[in-house]
Amino acid sequence: MDEETAPELIRLADGHQVVSVKLADRVPAWDPDYYAADIVISSDFVNARLRILVTLEDLDHWSGALGRIETDELRAANGDALTVDWPPAGNDGYLRFHRG
């Protein structure tokens, strides 16, 4: 799959910087459950790409996290900022989303 047609699972952009997660292939990379994806960071001073493997469970986790973020359900009882790791921390690479 080429860069132009790769579906984006996540895209955060401010006009000058972009962080995205793009599906690298539409068929599983290894077992039936693992799909190759790239975390892509682009800005005026750096461009980087990190290959990760995601599962359908990871996608469900992200969907659930978005719902909890929207309802502020993940905010700590003491008022601390919300933090979500996707895919869950401990995998090869992950993104940490922090909402103050």
Side-chain angles (χ1 to χ4, degrees):
M1 179 179 319
D2 65 46
E3 181 77 18
E4 298 292 321
T5 62
E8 286 185 316
L9 304 175
I10 298 171
R11 179 179 181 80
L12 305 170
D14 69 0
H16 301 285
Q17 304 166 112
V18 177
V19 175
S20 65
V21 177
K22 294 182 178 187
L23 196 59
D25 204 343
R26 294 181 190 271
V27 295
W30 289 333
D31 291 352
D33 295 341
Y34 289 92
Y35 293 84
D38 294 317
I39 296 175
V40 181
I41 300 168
S42 300
S43 72
D44 293 340
F45 64 93
V46 68
N47 290 304
R49 178 181 305 269
L50 174 66
R51 177 65 46 101
I52 62 171
L53 295 175
V54 297
T55 65
L56 295 177
E57 184 178 293
D58 291 332
L59 296 176
D60 287 342
H61 177 262
W62 179 240
S63 175
L66 287 175
R68 291 188 302 275
I69 288 168
E70 186 175 56
T71 61
D72 233 7
E73 188 178 308
L74 290 178
R75 184 171 293 280
N78 63 1
D80 286 347
L82 166 69
T83 301
V84 175
D85 292 340
W86 188 87
N91 291 345
D92 292 339
Y94 62 92
L95 297 174
R96 174 161 287 166
F97 298 91
H98 181 80
R99 177 177 163 204

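The figures that follow rest on heavy atoms only: side chains count, while hydrogens, waters and symmetry mates do not.
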Flag, side chain of [X] to backbone of [Y], donor-acceptor distance under 3.5 Å:
X	Y	answer
Trp86	Asp58	yes
Thr55	Glu57	yes
Asp38	Val40	no

Hydrophobic cluster membership, Leu56 vs Val54, 4.5 Å side-chain cutoff:
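Cluster IDs for Leu56 and Val54 match.
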With a 4.5 Å cut-off on side-chain heavy-atom distances among I, L, V, M, F, W and Y, is there a chain of contacts connecting Ile10 to Ile52?
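They do share one cluster, since a chain of ILVMFWY contacts under 4.5 Å joins Ile10 to Ile52.
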Does any part of the side chain of [Y], heavy atoms only, come nearer than 4.5 Å to the side chain of [X], both counted from C-beta?
X	Y	answer
Leu9	Leu59	yes
Tyr35	Leu53	no
Val18	Arg11	yes

In Å, rounded to the nearest 0.5 Å, how long is the span from [atom1] of [X] to [atom2] of [Y]?
X	Y	atom1	atom2	result
Lys22	Arg51	NZ	CZ	12.0 Å
Ser43	His16	OG	NE2	11.0 Å
Glu8	Leu23	CD	CG	11.0 Å

